[in-house]
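Written out below as structure tokens is the structure these notes cover.
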Amino acid sequence: MVILLAFPRAGSDRADAMHMNKRAFLKLCSAAMTSRLLSPVLAWAGGDKLMNWAGNVEYSTEKLYTADSEKEVREFVRKQSRLKVLGTRHCFNTIADSRDQFLSLKGMDKVVALDPDTRTVTVEAGMSYGQLCPYLDEKGWALHNLASLPHISIAGACSTATHGSGEKNGNLATAVAGLEMIDAGGDLVKLIAARDAGTLRGAVVGLGAMGAITKVTLNIQPRFMMQQYVYEDLPLSELKEHFDAIETAAYSVSLFTDWQKNRVNEVWLKVRMEDGRRFDAPSEFFGAKRATKNLHPIAELPAENCTEQMGVPGPWHERLPHFRMGFMPSAGKELQSEYFVPREQAVEAILAVERLHQQVAPHLLITEIRTIAADELWMSPCYKRASVTIHFTWKPDWPAVGKLLPVIERELAPFDPRPHWGKLFTIPAAQLRTSYEKLPAFVELSRRFDPRGKFRNEFLNANVFGG
Ligand SMILES: Cc1cc2nc3c(=O)[nH]c(=O)nc-3n(C[C@H](O)[C@H](O)[C@H](O)COP(=O)(O)OP(=O)(O)OC[C@H]3O[C@@H](n4cnc5c(N)ncnc54)[C@H](O)[C@@H]3O)c2cc1C
């Protein structure tokens, strides 16, 4: 049973199933919060219902098969009429849900090959960034960017165009140089950028619709060191006047605001130390003051969960994410939404949301604003569009959030907002179709690998495949 569906549309035949079982939600969240280190995976193994990380989606089946080899994946996929591959279950909507059968590749989490000549690493698809990054770093290599947390699977993150921040940094899927997957017939498909560039651009942000990804090849670069600084209380007027200068001040910039008091609560600057050179962090940054201690993006929460700040030099994988592996990322007890709008309209779009601050603030834990470079991946929200993302970490109150999302989406409508594929939104499918010019090509490509929709689910049918 699904206790929260992400797309409550009036008149839909699913409307009655789209309310949140709040009691179940809160029970799960408070259980997770009692142990800061408790992984939801452990809770689930302990006999609880199969749920997503946040606990707002109870998946529609508990049938889960774990494959440990490509051969097992092929044999299993061949036998199923419908299934979904589960990553680390960090999506907030039902994109990963199945009524029929789940396949987990959690056991397939090894590095297959590190090739210094082509500057690539190939990993099994069950691996998380948290597992890969220390290995890469030890061997002298790095990835170009990371999301706010390292806990997520590489295949799941790339499938939903997960991103970090940085004017020149594409989302995490832009690092993909090759994929291996098992198609609906149980056959192995190998896609290599050098040979299959067009197909790969369609398949990388595959939304789980192309097949079961078994291996991912990522572009790497020599390891680098970073420093992270946090500034507090950036006046909104400074943001309006100097957005470009603020965003280009560091390799990766995140702005956290609760939309109150006309200010950005925290500015996180992640600086690359080129040739070991330190960044000379001013005590003031566009009117914001350099923090004197480590901070959580939600200032009331303990900073022990967060990566080191205060300019302490550290390796790329311990500074690019906001949250540390082994600790609860973010708040835990939350919902998330995020919208991508054109980078050049960043200030107007931010001000549009700011106009809603009185409606937004009571339900919000924190907003994060980031920028991402344009890419060529068909279903990426940054397809041919450098973007600014306006993200909302919500209090876990779906009835209120579900009413607010259409209001925000209306306000952002002039900017053609593209929602994060793994977070909550109510933008109608028809609007998504006009926003993604490559959507018809994506549908055609996925039909090549999966003619009968073995890897599709209600989310994909409603939002991508047209019913
Ligand atoms: C606390 C928190 C912080 C977050 N921070 C960020 C952030 O900074 N930036 C950002 O962009 N997003 C962020 N997210 C969202 C998150 O990155 C995405 O939801 C991402 O998809 C999670 O990966 P997963 O493996 O958990 O995916 P899942 O939810 O398990 O699956 C997502 C999709 O990928 C597919 N999939 C997974 N593995 C495979 C495979 N092997 N083969 C084929 N399909 C597969 C699934 O079928 C599904 O369609 C955050 C989420 C949380 C909970």
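Throughout, residue positions are numbered sequentially from 1 according to the sequence presented. Order of appearance sets the numbers: ligands from 1, and atoms from 1 within every ligand. Computed from a prediction, not measured in an experiment: that's the story for all the values here.
You'll find the ring centres of His90 and Trp53 inside the 6.0 Å limit. Taking the ring centroids of Tyr436 and Phe442, they lie at or beyond the 6.0 Å cut-off.
Considering backbone and side-chain N/O of Cys91, one or more are found under 3.5 Å from N/O of ligand 1. Annotation: Ser330 places no N or O atom under 3.5 Å from an N or O atom of ligand 1; distance criterion only.
Of the listed options Glu124, Arg370, His151, Lys84, Arg370 places a heavy atom closest to atom 7 (C) of ligand 1. For atom 52 (C) of ligand 1, the candidate residues are Phe102, Phe323, Phe92; the nearest heavy-atom contact is made by Phe92. Nearest to atom 11 (O) of ligand 1 by heavy-atom distance, out of Lys423, His420, Glu368, is His420. In this comparison of Ser98, Ala155, Ser148, the heavy atom closest to atom 5 (N) of ligand 1 sits on Ser148. Taking all heavy atoms of Thr160, Leu335, Leu105 into account, the minimum distance to atom 20 (C) of ligand 1 is reached by Thr160. Among Leu103, Thr393, Val85, Thr162, the residue whose heavy atom sits closest to atom 17 (O) of ligand 1 is Thr162.
From the protein, the heavy atom lying nearest to atom 4 (C) of ligand 1 is Leu149 CD2, 3.4 Å. Annotation: atom 38 (N) of ligand 1 to nearest protein heavy atom, Gly156 N, 3.8 Å.
For Ile95, heavy-atom contacts with ligand 1 shorter than 4.0 Å involve the backbone as well as the side chain. With a 4.0 Å cut-off on non-hydrogen atoms, Lys106 does not touch ligand 1 at all. Residue Thr214 does not touch ligand 1, judged by heavy-atom distances below 4.0 Å. Under 4.0 Å from ligand 1, heavy atoms of Ser153 appear from its side chain as well as its backbone. Using a 4.0 Å cut-off between heavy atoms, Ser159 contacts ligand 1 through its side chain alone, with no backbone atom that close. Contacts between Gln336 and ligand 1 below 4.0 angstrom, taking non-hydrogen atoms only, involve the side chain exclusively.
Residues Gln228 and Thr307 have side chains that bring a donor and an acceptor to within less than 3.5 angstrom of each other. No side-chain donor from either of Tyr65 and Gln101 sits under 3.5 Å from a side-chain acceptor of the other. Between the side chains of Arg418 and Ser435, at least one donor-acceptor pair of N or O atoms lies under 3.5 Å. Side-chain contact of Gln336 with His420: a donor-acceptor pair under 3.5 Å is absent, judged by distance alone. Counting only N and O atoms by type, the side chains of Asp97 and Asn457 include no donor and acceptor under 3.5 Å apart. Judged purely by distance below 3.5 Å, without hydrogens or angles, the side chains of Thr214 and Glu180 never pair a donor atom with an acceptor atom.
Nearest heavy atoms, Leu295 versus Ala291: CD1-CB, 3.9 Å. Scanning all heavy atoms of the two residues, the minimum distance from Asn294 to Ala303 falls at O-CB, 3.4 Å.
Note on ring orientation: taking the six-membered ring where Trp is involved, the planes of Tyr231 and Tyr229 are tilted (angle from 30° to 60°). Under the 30°/60° scheme for interplanar angles, the aromatic rings of Phe459 and Trp421 are found to stand perpendicular. Using the six-membered ring where Trp is involved, Trp316 and Phe224 have ring planes that are tilted, between 30° and 60° apart.
Interface of Ala147 with ligand 1, defined as ligand atoms under 4.0 Å from a residue heavy atom, comprises 7 (C), 8 (O), 9 (N). Near Leu207, with a cut-off below 4.0 Å to any heavy atom, the atoms of ligand 1 are 49 (O). Atoms of ligand 1 found under 4.0 Å from any heavy atom of Trp53 (numbered from 1 in listed order, with element): 1 (C), 53 (C). Applying the 4.0 Å criterion to heavy atoms of Ala96 picks out, from ligand 1, the atoms 31 (O), 48 (C).
For the pair Ala54 and ligand 1, no heavy-atom separation below 4.0 Å is found. Within the structure, the closest approach of Gly211 to ligand 1 falls below 4.0 Å when heavy atoms are considered.
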